[in-house]
*Asks:* 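Have a look at the structure that comes next, please.
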Amino acid sequence: MKGEVVIFEPYTVKKSISGIDAHLRNSIILQRELQCRLLINDIDYTKAQNEQFDCIIVSYSSFHFPFKKVNHIIDNNSNAKIIWITNEYNIGVPIKNAKYITIANYSNQVHKKNVTAFYEVNLNLLFARKPNSLCKKKYDICYYGTFRRDREKYFKQYMKDGMILSTSSKNIKQFISFGCMPRFIDRFSWTFGAETLNLFRYSLYIEDEYTHSNFNNLANRWYEAGFCNAVVFFDSNCKNTILKSEIGEFYDEIKYFIVSTHTELMEKIKQTNLHFENALNTQKRWRIHELSLRNNVIEKIKEIVYA
């Protein structure tokens, strides 16, 4: 099958490339690699209501999705291959009636209804790329992202003095209500080559409690730290994820970058600041196969799409 492929994204308006969410950046990368169309807002879906496609890739899901128009197009393409691609285990499936293939970043098949095949693929590897030029670092440690209830205890644990937290304004009250008192800043810009993360020496890696015992490939923040020359500190509860990931073979070295408390994190930062570039080069060595693995991911997705 080499017919027309289209990607559906759950947005109703165009968003600036500088501040868009990870799954949309993922779809833009995938669009480029597959050389296909990307529908991203209500106008796009309206224009495509009566079009025919050979493969429809539905990316992620959110309340922004124009569900009626999306499912109308799917119903209108009864012979098309339908693929749902997701890097989140806890979101609903936006496909109403059709049978579909799932490509997921996690190993356990959470959504089973109408699934004809399930593929675990490290989707976040799509973010991997050669690092930017090393710029002057202005800040130490950051965490960025939305408020997630399954990370609540870790937010309480680490979002304190010395931590800079980048999030949208709507999330700040939730963080504060759970006792988090970091320095809040606006959402990071992800403008290519000028990402806000470049200004930080360190990024904190925490994960949902669910993920501790249900494997999910390394989060996009691991790969973003790679191209922004940021050293990653891991919360100790991420051990299982680390060991099962592509960097698991380096666990003996990774141990230094594993922390269990805010106090330990701050102490490690002071120590590592004395030899930051050595620490950065150590973590770069763990990434030597990333671009090769990324190519494998792209080929796997193409295989599924065009089979």
*Asks:* Rounded to the nearest 0.5 Å, what separates atom CD1 in Ile258 from atom CG in Leu265?
*Replies:* 13.0 Å
*Asks:* Taking only residues two or more places apart in sequence, or in another chain, which ones meet Lys300 in a side-chain contact (heavy atoms from CB on, under 4.5 Å)?
*Replies:* Tyr119, Val121, Glu303, Ile304
*Asks:* Check whether more than 12 heavy atoms from other residues, nucleotides or ligands sit under 6.0 Å from atom NZ of Lys239, and answer yes or no.
*Replies:*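 Check fails, neighbour count at 12 or below.
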*Asks:* What's the verdict on side-chain contact (heavy atoms from CB on, under 4.5 Å) for Met159 and Thr167, showing C-alpha distance, side-chain angles and the deciding distance?
*Replies:* CA-CA 12 Å; Met159 300 300 122; Thr167 192; over 6 Å; no
*Asks:* Decide whether a cation-pi geometry holds between Lys268 and Phe257; the criteria are a distance under 6.0 Å from NZ or CZ to the six-membered ring centre and an angle within 45° of the ring axis.
*Replies:* no
*Asks:* Out of curiosity, Ser78 OG to Asn97 CG, how far, rounded to the nearest 0.5 Å?
*Replies:*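 Taking OG in Ser78 and CG in Asn97, the distance rounds to 12.5 Å.
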*Asks:* Quick one, Asn273 and Tyr202 - any side-chain contact, counting heavy atoms below 4.5 Å?
*Replies:*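 Yes, side chains in contact.
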*Asks:* Can you run down the salt bridge (Lys or Arg N to Asp or Glu O under 4.0 Å) pairs that involve residues 188-201, sequence neighbours left out, and say none if there aren't any?
*Replies:*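 Found Arg129-Glu195, Asp140-Arg201.
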*Asks:* Between CD1 of Ile28 and CD of Gln31, what distance do you get to the nearest 0.5 Å?
*Replies:*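 With rounding to 0.5 Å, CD1 (Ile28) is 7.5 Å from CD (Gln31).
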*Asks:* Does any part of the side chain of Tyr89, heavy atoms only, come nearer than 4.5 Å to the side chain of Asn108, both counted from C-beta?
*Replies:*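 When only atoms from C-beta onward are counted, Tyr89 and Asn108 do not touch, as no gap falls below 4.5 Å.
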*Asks:* One thing to verify: whether Asp252 and Lys255 come together as a salt bridge, which I'm taking to mean a side-chain N less than 4.0 angstrom from a carboxylate O.
*Replies:*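 Between Asp252 and Lys255 there is a salt bridge, with a charged N closer than 4.0 Å to a carboxylate O.
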*Asks:* Quick check: do Leu126 and Ile298 have side-chain heavy atoms less than 4.5 Å from each other?
*Replies:* yes
*Asks:* Decide whether Tyr143 and Arg151 meet the rule of one side-chain donor and one side-chain acceptor closer than 3.5 Å.
*Replies:*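 Checked: Tyr143/Arg151 side chains pair up, N/O donor to acceptor below 3.5 Å.
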*Asks:* Would you say Asn77 and Gln52 make side-chain contact, with heavy atoms under 4.5 Å?
*Replies:*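 A side-chain contact exists here, since the closest heavy-atom pair is under 4.5 Å.
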*Asks:* Pairs in or reaching into residues 211-228: which pass salt bridge (Lys or Arg N to Asp or Glu O under 4.0 Å), with residues at least two apart or in two chains?
*Replies:*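 Non-adjacent pairs meeting salt bridge (Lys or Arg N to Asp or Glu O under 4.0 Å): Arg25-Glu224.
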*Asks:* Who pairs with Glu207 by salt bridge (charged side-chain N to carboxylate O under 4.0 Å, His left out), at least two apart in sequence or on another chain?
*Replies:* none
*Asks:* With sequence neighbours left out, write down each residue that passes side-chain hydrogen bond (donor to acceptor under 3.5 Å, both in side chains) with Lys153, or none if nothing qualifies.
*Replies:*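 For Lys153, no residue satisfies side-chain hydrogen bond (donor to acceptor under 3.5 Å, both in side chains) once neighbours in sequence are set aside.
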*Asks:* Please confirm whether the ring centroid of Phe188 lies under 6.0 Å from the ring centroid of Phe200.
*Replies:* yes
*Asks:* For Ser245, check side-chain hydrogen bond (donor to acceptor under 3.5 Å, both in side chains) against everything at least two apart and list the hits.
*Replies:* none
*Asks:* Identify, with sequence neighbours excluded, every residue that meets side-chain hydrogen bond (donor to acceptor under 3.5 Å, both in side chains) alongside Trp84.
*Replies:*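 Applying side-chain hydrogen bond (donor to acceptor under 3.5 Å, both in side chains) to Trp84 gives none.
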*Asks:* Looking at Gln49, I'd like to know if its CD atom is crowded, meaning that more than 12 non-hydrogen atoms belonging to other residues, nucleotides or ligands lie closer than 6.0 Å.
*Replies:*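 Counting neighbours around CD of Gln49, more than 12 heavy atoms of other residues, nucleotides or ligands fall under 6.0 Å, so yes.
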*Asks:* So that I can tick it off, tell me whether Glu152 and Lys156 are bridged by a salt bridge, with the cut-off set at under 4.0 angstrom between side-chain N and carboxylate O.
*Replies:*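 So Lys156 pairs with Glu152 through a salt bridge.
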*Asks:* State, yes or no, whether a side-chain contact exists between Glu209 and Asn237 at a heavy-atom distance under 4.5 Å.
*Replies:* no
*Asks:* Please list, chain by chain and in numerical order, all residues satisfying salt bridge (charged side-chain N to carboxylate O under 4.0 Å, His left out) with Glu267, sequence neighbours excluded.
*Replies:*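 Per chain and number, Glu267 pairs via salt bridge (charged side-chain N to carboxylate O under 4.0 Å, His left out) with no residue.
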*Asks:* Only counting residues at least two apart or in another chain, list the ones meeting salt bridge (charged side-chain N to carboxylate O under 4.0 Å, His left out) with Lys137.
*Replies:* none
*Asks:* Are more than 12 heavy atoms from other residues, nucleotides or ligands located less than 6.0 Å from atom NE2 of His275?
*Replies:* yes
*Asks:* Heavy atoms, side chains only, cut-off 4.5 Å: are Leu30 and Asn26 in contact?
*Replies:* no
*Asks:* With sequence neighbours excluded, what pairs up with Asn105 under the side-chain contact (heavy atoms from CB on, under 4.5 Å) test?
*Replies:* Asn87, Asn122, Leu123, Asn124, Asn216, Asn217
*Asks:* Given Leu34 and Ile57, is the side-chain contact (heavy atoms from CB on, under 4.5 Å) satisfied, shown in steps?
*Replies:* CA-CA 11 Å; Leu34 296 176; Ile57 301 172; 3.7 Å; yes
*Asks:* Assess the residue pair Phe127 and Trp190 against the criterion (ring-ring contact (aromatic ring centres under 6.0 Å, His included)); give the C-alpha distance rounded to whole Å, side-chain angles, the decisive distance to 0.1 Å, and a yes or no.
*Replies:* CA-CA 12 Å; Phe127 284 93; Trp190 293 104; 8.0 Å; no
*Asks:* Are there over 12 heavy-atom neighbours, none belonging to Arg32, within less than 6.0 Å of that residue's CZ?
*Replies:*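 Yes, the 6.0 Å shell around CZ holds more than 12 heavy atoms from other groups.
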*Asks:* Check this for me: Lys284, atom NZ, are more than 12 non-hydrogen atoms of other residues, nucleotides or ligands nearer than 6.0 Å?
*Replies:*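 Enclosed.
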*Asks:* So with a 6.0 Å cut-off around CG of Asp161, is the heavy-atom count from everything else above 12?
*Replies:* no
*Asks:* Considering residues at least two apart in sequence or located in another chain, which fulfil the side-chain contact (heavy atoms from CB on, under 4.5 Å) criterion with Glu253?
*Replies:* Phe250, Thr282, Arg285, Trp286
*Asks:* Test Phe8 against Tyr45 for ring-ring contact (aromatic ring centres under 6.0 Å, His included), laying out the working first.
*Replies:* CA-CA 8 Å; Phe8 291 176; Tyr45 291 114; 5.3 Å; yes
*Asks:* Side chains of Asp208 and Thr211: is there a donor and an acceptor less than 3.5 Å apart?
*Replies:*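 On atom types as modelled, these side chains do not qualify, holding no pair under 3.5 Å.
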*Asks:* Would a hydrophobic clustering, with Ile, Leu, Val, Met, Phe, Trp and Tyr connected at side-chain separations under 4.5 Å, put Phe192 with Leu291?
*Replies:* no
*Asks:* Let me check something: any side-chain donor-acceptor pairs from residues 172-179 under 3.5 Å, sequence neighbours excluded? List them with distances.
*Replies:*
unit_1: Ser177; atom_1: OG; unit_2: Lys173; atom_2: O; d: 3.4
unit_1: Ser177; atom_1: OG; unit_2: Gln174; atom_2: O; d: 2.7

*Asks:* Any heavy-atom pair between the side chains of Ile95 and Asn114 that's under 4.5 Å?
*Replies:* no
*Asks:* Run the side-chain contact (heavy atoms from CB on, under 4.5 Å) check on Trp222 and Glu290 step by step: do they pass?
*Replies:* CA-CA 11 Å; Trp222 165 251; Glu290 270 189 4; 3.3 Å; yes
*Asks:* Just how far is it from atom CD1 of Ile101 to atom CD1 of Ile83, taken to the nearest 0.5 Å?
*Replies:*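 Nearest 0.5 Å value for the CD1-CD1 distance: 5.0 Å.
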*Asks:* What is the distance from atom CZ of Phe233 to atom CG of Leu204, rounded to the nearest 0.5 Å?
*Replies:* 9.5 Å
*Asks:* Is it true that Asp54 and Tyr306 share a donor-acceptor pair across their side chains at a distance under 3.5 Å?
*Replies:*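 Note: Tyr306 and Asp54 side chains miss the donor-acceptor criterion.
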*Asks:* Start with the C-alpha distance between Tyr100 and Ile74, add both sets of side-chain angles, then the distance that settles side-chain contact (heavy atoms from CB on, under 4.5 Å), and finish with yes or no.
*Replies:* CA-CA 10 Å; Tyr100 62 93; Ile74 290 174; over 6 Å; no
